[in-house]
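Throughout, protein chains are lettered first and strands after them, A, B, ... in sequence-line order, and every chain is numbered starting at 1.
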Protein chains: 2
Amino acid sequence: MNPDALRGHMDALLLSVLEREPLHGYAIIEALQERSGGALNVPTGTVYPALRRLERTGHLVSEWATVGGRRRRTYRLTDSGRKQLEGERSAWQAFTSAIGSVLGPGEVRPSGSA
Amino acid sequence: MNPDALRGHMDALLLSVLEREPLHGYAIIEALQERSGGALNVPTGTVYPALRRLERTGHLVSEWATVGGRRRRTYRLTDSGRKQLEGERSAWQAFTSAIGSVLGPGEVRPSGSA
DNA sequence: TGTCTACATATAGACAGCCTACATGTAGAC
DNA sequence: GTCTACATGTAGGCTGTCTATATGTAGACA
């Protein structure tokens, strides 16, 4: 997967995996991999800064925990984050629709043709 | 449209509008706008450098022409460009599928079921 | 005559986010 | 004693998109 392609969609991905339950960074990475059937292999150097960014903007809050002797920072969606996710979802729809209509050879001709 | 979202998809867009017929930069911008229903408003500062990049990599060739007293640089797809476009199209499929499977809460859900 | 808009191309520099590479540390297996 | 999995984090690089600016023709309009 071309790294540039992820640009601008990372937030949506992170918010989305955190929608159902709070998770820590490492688990988020695994969740992304699993949910995408292995296609999404996001490096830690991308995820951790992105999570902090989302916390800074108030879409996430984090909490430290120690499990099995290891420290985890668990992130949870805020109301603002939930709202943001909604926006990201419709932005995604608009985005794929726009690109798709250019890329797609146009077999999608709506019923009321010219 | 978030500018970052376009990252890594610009080439596909340009190649795609040039698939049917050669066009010059200005016309390409208009074509992108038209084909996307107005959603894609790509500035000249994005398109012209991108076209030159694609020419440098051999996916396009250009030719100068003067029409109505104005100089146009018309771009045309090469065989390499056509092949590249194919790749971009399947990459786009893979990309939307991957992101969609994370983002989409399951539009797979049949409308009737609980 | 002068001004404005549409047409047409181009570059410089800013910006931002994703990546590679590296640093740090625990736990458990072998 | 070493290796792997788990777990977090930062620094710096890269690169493509954007904004702003420059240049120039053609035609409308006053």
Side-chain angles (χ1 to χ4, degrees), chain A residues 1-15 22-34 36 39-57 59-60 62-75 88 91 95 98-99, chain B residues 1-15 17 22-34 36 39-57 59-60 62-75 84 88 91 95 98-99:
Chain A
M1 166 99 49
N2 171 21
D4 274 326
L6 265 315
R7 278 267 193 155
H9 306 292
M10 202 63 230
D11 289 3
L13 292 173
L14 296 176
L15 258 17
L23 288 173
H24 62 286
Y26 196 87
I28 290 172
I29 292 171
E30 290 181 320
L32 285 173
Q33 236 172 77
E34 196 196 339
S36 66
L40 256 32
N41 229 314
V42 193
T44 64
T46 294
V47 168
Y48 289 114
L51 288 170
R52 287 163 148 291
R53 216 158 44 229
L54 285 168
E55 187 171 26
R56 215 158 42 234
T57 52
H59 299 318
L60 299 179
S62 70
E63 212 174 320
W64 282 101
T66 301
V67 177
R70 276 130 170 176
R71 274 159 70 63
R72 292 178 177 172
R73 173 121 87 167
T74 300
Y75 288 90
E88 299 275 4
F95 173 72
I99 308 289
Chain B
M1 166 99 50
N2 172 21
D4 275 325
L6 266 316
R7 276 265 193 158
H9 305 293
M10 202 62 230
D11 289 3
L13 292 173
L14 297 176
L15 260 16
V17 294
L23 288 172
H24 62 286
Y26 195 87
I28 290 172
I29 292 173
E30 289 181 320
L32 284 172
Q33 237 173 74
E34 195 196 341
S36 67
L40 255 34
N41 229 314
V42 193
T44 65
T46 296
V47 169
Y48 290 113
L51 288 170
R52 288 164 147 293
R53 217 157 46 229
L54 286 168
E55 185 171 27
R56 213 158 45 235
T57 52
H59 299 319
L60 298 180
S62 69
E63 210 174 320
W64 282 100
T66 301
V67 177
R70 275 127 169 179
R71 274 159 71 64
R72 291 177 177 173
R73 171 119 91 168
T74 301
Y75 288 90
Q84 180 67 15
E88 298 277 5
F95 173 71
I99 307 289

Just the atom pairs and distances: protein N or O near nucleotides 19-24 of chain D's N or O, under 3.5 Å.
none

Worksheet item: Sequence neighbours excluded, which residues qualify as side-chain contact (heavy atoms from CB on, under 4.5 Å) partners of A/A98?
Response: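 B/M1, B/S36, B/A39, B/L40.
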Practice prompt. Using side-chain contact (heavy atoms from CB on, under 4.5 Å) as the criterion, list what pairs up with A/A91, not counting sequence neighbours.
Written response: none
Worksheet item: So which one's nearest nucleotide on DNA chain D is more toward 5', A/G25 or B/A50?
Response: A/G25
Worksheet item: Closer to the 5' end of DNA chain D via nearest nucleotide, is it A/R71 or A/D4?
Response: A/R71
Worksheet item: For A/Y75, which of A/E55, A/H59, A/H24 qualifies under side-chain contact (heavy atoms from CB on, under 4.5 Å)?
Response: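 With A/Y75 as partner, A/E55, A/H59, A/H24 yield a single side-chain contact (heavy atoms from CB on, under 4.5 Å), made by A/E55.
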Worksheet item: Once you round it to whole Å, what is the distance between C1' of D/dG16 and CG of B/L51?
Response: 14 Å
Worksheet item: Over how many whole Å does the gap from B/R52 atom CZ to D/dT17 atom P extend?
Response: 16 Å
Item to complete: List in chain and number order the residues that pass salt bridge (Lys or Arg N to Asp or Glu O under 4.0 Å) with A/D4, two or more places apart in sequence or in another chain; answer none if no residue qualifies.
Response: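 Per chain and number, A/D4 pairs via salt bridge (Lys or Arg N to Asp or Glu O under 4.0 Å) with B/R7.
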Worksheet item: Hey, which of these two, B/P49 or B/V67, hits DNA chain C nearer its 5' end, going by closest nucleotide?
Response: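 Result: B/V67.
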Discussion item. List the residues meeting side-chain hydrogen bond (donor to acceptor under 3.5 Å, both in side chains) with A/E34, not counting sequence neighbours, and say none if there are none.
Written reply: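 So A/E34 forms no side-chain hydrogen bond (donor to acceptor under 3.5 Å, both in side chains) with any residue.
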Item to complete: Could you tell me which residues satisfy ring pair (Phe, Tyr, Trp, His ring centres under 6.0 Å) with A/F95, sequence neighbours excluded, listed by chain and number?
Response: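 A/F95: ring pair (Phe, Tyr, Trp, His ring centres under 6.0 Å) contacts with A/H9, A/W92, B/H9, B/W92.
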Worksheet entry | Test side chain to side chain contact (heavy atoms under 4.5 Å, CB included) applied to A/I99 and B/L6, step by step | CA-CA 9 Å; A/I99 308 289; B/L6 266 316; 3.9 Å; yes
Practice prompt. Please give the angle, rounded to 10 degrees, between the axes at the start and the end of the helix from C/dT1-D/dA30 to C/dC30-D/dG1, where five pairs define each axis.
Written response: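 Helix axis angle between the two ends: 0°.
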Item to complete: Look up atom CG in A/L14 and atom CG in A/L60, then write down how far apart they are to the nearest 0.5 Å.
Response: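 Going from CG on A/L14 over to CG on A/L60, the span is 7.5 Å.
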Worksheet item: Looking at CE of B/M10 and CG of B/L32, how far apart are the two atoms once the value is rounded to the nearest 0.5 Å?
Response: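 Reported value, rounded in 0.5 Å steps: 5.5 Å.
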Worksheet item: What closest approach, in Å, do A/G25 and A/L51 show between heavy atoms, and which atom pair accounts for it?
Response: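 Shortest heavy-atom separation between A/G25 and A/L51 comes out as CA-CD1, 3.9 Å.
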Item to complete: Tell me which residues in residues 7-14 of chain A put a heavy atom below 4.0 Å from DNA chain C, sorted by number, or none.
Response: A/R7, A/G8, A/M10
Show which side-chain atoms of residues 63-71 of chain B pair as donor or acceptor with protein atoms under 3.5 Å away, not counting sequence neighbours.
none

Worksheet item: How would you give the extent of chain A contacts on DNA chain C, as first and last nucleotide 5' to 3' within a 4.0 Å heavy-atom cut-off?
Response: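 So the contact region on DNA chain C extends C/dA16 to C/dA27.
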Fill in: side chain to side chain contact (heavy atoms under 4.5 Å, CB included) assessment of A/D11 paired with A/R53
CA-CA 9 Å; A/D11 289 3; A/R53 216 158 44 229; 4.3 Å; yes
Can you give each donor-acceptor pair under 3.5 Å made by side-chain atoms of residues 42-49 of chain B, sequence neighbours left out, with the distance rounded to 0.1 Å?
none

